[in-house]
Amino acid sequence: MNGTGLEKLRGVDASAISEAAAVLRRGGVVAFPTETVYGLGADATSQTAVAALFAAKRRPGFNPLIVHVENLRAAQELGRIPENALQLAERFWPGALTLVVPRGPRCSVSLLATAGLDTIALRVPSHPVTAAIIAQAGIPIAAPSANLSGRVSATAASHVHDELGASIDLILDGGTTPLGLESTVLAFESGRAVLLRPGAVPREEIEQVIGPLAASRSRSVKSPGQLDSHYAPRATLRLNAKSLGPDEALLAFGPANTLQKGALASLNLSPAGELREAASNLFAMLRALDAYGTGTIAVMAIPETGLGEAINDRLRRAAAPREPRR
Ligand code: TXA
Ligand code: MG
């Protein structure tokens with residue numbers, strides 16, 4: 001694993017998918033598109049493959065990974081899926097919903113992948129490339145988002161290449177990921193569904209199936225990766241901006257306005273004010289404004305409804321005070 005990584009970038013075709021599956025089966029680390037964001041995959045049953053993945057991403061070992069499987073039946077071999085989770089799986093899988101459930105008695109997934117917890121996060125992705133890789137590999141695939149730990153998730157292969165190209169085995173370039181925001185993560189505490197991470201399936205759609213989500217009562221079932229600064233660009237973020245400082249870049253939302261005219265650099269998440277469009281643009285625009293080199297990115301207010309809950313969650317984490325980087 002060395003070199004610039006350019007030779008590791010491959011377009012998607014049948015032979016690239018077979019190669020990805022083969023590299024995964026022999027314990028390698030492969031980045032691929034999913035319907036949410038790019039994932040960084042490894043054989044979830046192999047301690048050494050998962051260790052290589054944690055190392056490449058510089059992820060702390062206490063933060064567990066989502067295990068991606070082909071279908072509900074495969075998920076049930078790894079975890080014990082309670083009734084309300086089953087209803088959600090039937091409605092949203094394949095798709096952008098992750099269910100955190102108790103590890104099953106015959107779970108073959110390495111304890112490293114689940115960070116020693118007695119639960120496992122499971123997802124059946126709908127992206128045809130991801131589905132084909134999982135089916136051909138024939139193993140559960142542990143895959144966090146394909147970015148360095150704490151940084152902005154990757155929605156294009158070039159983002160993955162910039163951050164991880166030198167330290168992983170293969171990157172499949174399947175274009176921009178359609179949703180652009182990570183999966184919604186739900187846990188089940190004493191049978192009640194708890195939202196651990198808002199994501200690409202809005203809360204309202206989940207509540208239509210199983211009723212109101214509960215607030216988490218247990219501290220231990222929080223998503224370990226979701227507590228502090230995360231999704232962070234280099235620049236500082238200032239949220240709910242109504243005015244603009246002289247050295248600030250602007251991340252706008254909604255129809256063009258006077259703020260945008262005055263900005264030294266500005267991008268608009270969705271001029272039409274559509275949350276789906278804003279979600280799909282969020283990470284790429286944060287990266288682009290960051291590359292501009294400004295010290296602060298001012299972000300206009302975004303409604304809290306629907307996908308807005310997840311967009312605002314990512315923005316708040318990106319704006320949170322952070323530990324100094326190495
Ligand atoms: O859309 C997605 O979910 C993408 C694609 C690649 O599938 N993956 C992704 O993975 O965002 P990652 O590792 O960046 O975020 C997974 C989140 C982390 O916050 C982790 O702490 C949480 O899920 N998680 C995983 N297993 C868990 C568990 N057993 N209990 C609680 N939280 C868990
Ligand atoms: Mg992530």
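For ligands, and for the atoms within them, numbers begin at 1 and follow the listed sequence. All residue numbers refer to positions in the sequence shown, counting from 1.
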- prompt: Taking distance alone, with no angle check, do Glu182 and ligand 1 share an N/O pair under 3.5 Å?
  reply: no
- request: Identify whether the distance between the nearest side-chain nitrogen and carboxylate oxygen of Glu35 and Arg123 falls below 4.0 Å.
  value: yes
task: Can you spot which of Leu289, Leu267, Leu250 makes a side-chain contact (heavy atoms from CB on, under 4.5 Å) with Ile297?
output: Leu289
task: Give yes if a backbone or side-chain nitrogen or oxygen of Thr36 is under 3.5 Å from a nitrogen or oxygen of ligand 1, and no if not.
output: yes
task: Using a 4.0 Å heavy-atom cut-off, say whether Leu196 meets ligand 1 through its side chain, its backbone, both or neither.
output: side chain
- request: Look up atom CZ in Arg316 and atom CG in Leu237, then write down how far apart they are to the nearest 0.5 Å.
  value: 12.5 Å
query: Do Ser153 and Glu182 get their side chains close enough for a donor-acceptor pair, meaning under 3.5 Å?
result: yes
query: Do any of the N, O or S atoms of Ser149 sit under 2.8 Å from the Mg ion (ligand 2)?
result: no
field: Ala157 backbone acceptor or donor facing His161 side chain under 3.5 Å
entry: no
field: Flag if over 12 foreign heavy atoms under 6.0 Å of CZ, Arg103
entry: yes
message: Heavy-atom pairs closer than 4.0 Å: do any link ligand 1 to the side chain of Arg59, the backbone, both, or neither?
response: side chain
message: As an exercise, identify every atom of ligand 1 less than 4.0 angstrom from a heavy atom of Leu117.
response: 28 (C), 29 (N), 30 (N)
query: Against heavy atoms of Ile66, which atoms of ligand 1 measure under 4.0 Å?
result: 3 (O), 8 (N), 9 (C), 10 (O), 16 (C)
message: Under a plain distance cut-off of 3.5 Å, with no hydrogens placed, do Arg197 and Ser183 share a side-chain donor-acceptor pair?
response: yes
field: Heavy atom of Ala143, distance to ligand 1 below 4.0 Å
entry: yes
message: Suppose I only count heavy atoms of Val100 and a 4.0 Å limit; which atoms of ligand 1 are within that range?
response: 28 (C), 29 (N), 30 (N)
message: Side chains of Ser15 and Arg10 only: does a donor on one sit below 3.5 Å from an acceptor on the other?
response: yes
- request: Determine yes or no for a side-chain-to-main-chain donor-acceptor pair under 3.5 angstrom, with Thr130 supplying the side chain and Ser126 the backbone.
  value: no
Polar proximity ligand 1 side, Ser183 side, N/O cut 3.5 Å exclusive: yes
- request: Heavy-atom contacts with Gly39 under 4.0 Å: which atoms of ligand 1 show up? List them by number with element.
  value: 6 (C)
query: Can you list the ligand 1 atoms lying under 4.0 Å from a non-hydrogen atom of Thr119?
result: 28 (C), 29 (N), 30 (N)
- prompt: For Asn63 and ligand 1, does the shortest N/O to N/O distance drop below 3.5 Å?
  reply: yes
message: Please state which option from Ala154, Ala146, Gly199, Ser145 has its nearest heavy atom closest to atom 14 (O) of ligand 1.
response: Ser145
- prompt: Which atoms from ligand 1 have a heavy atom of Ala121 less than 4.0 Å away?
  reply: 25 (C), 26 (N), 27 (C)
Test of proximity, Tyr38 against ligand 1: N or O pairs below 3.5 Å: no
query: Does a side chain donor of either Asn63 or Arg59 reach within less than 3.5 Å of an acceptor in the other side chain?
result: yes
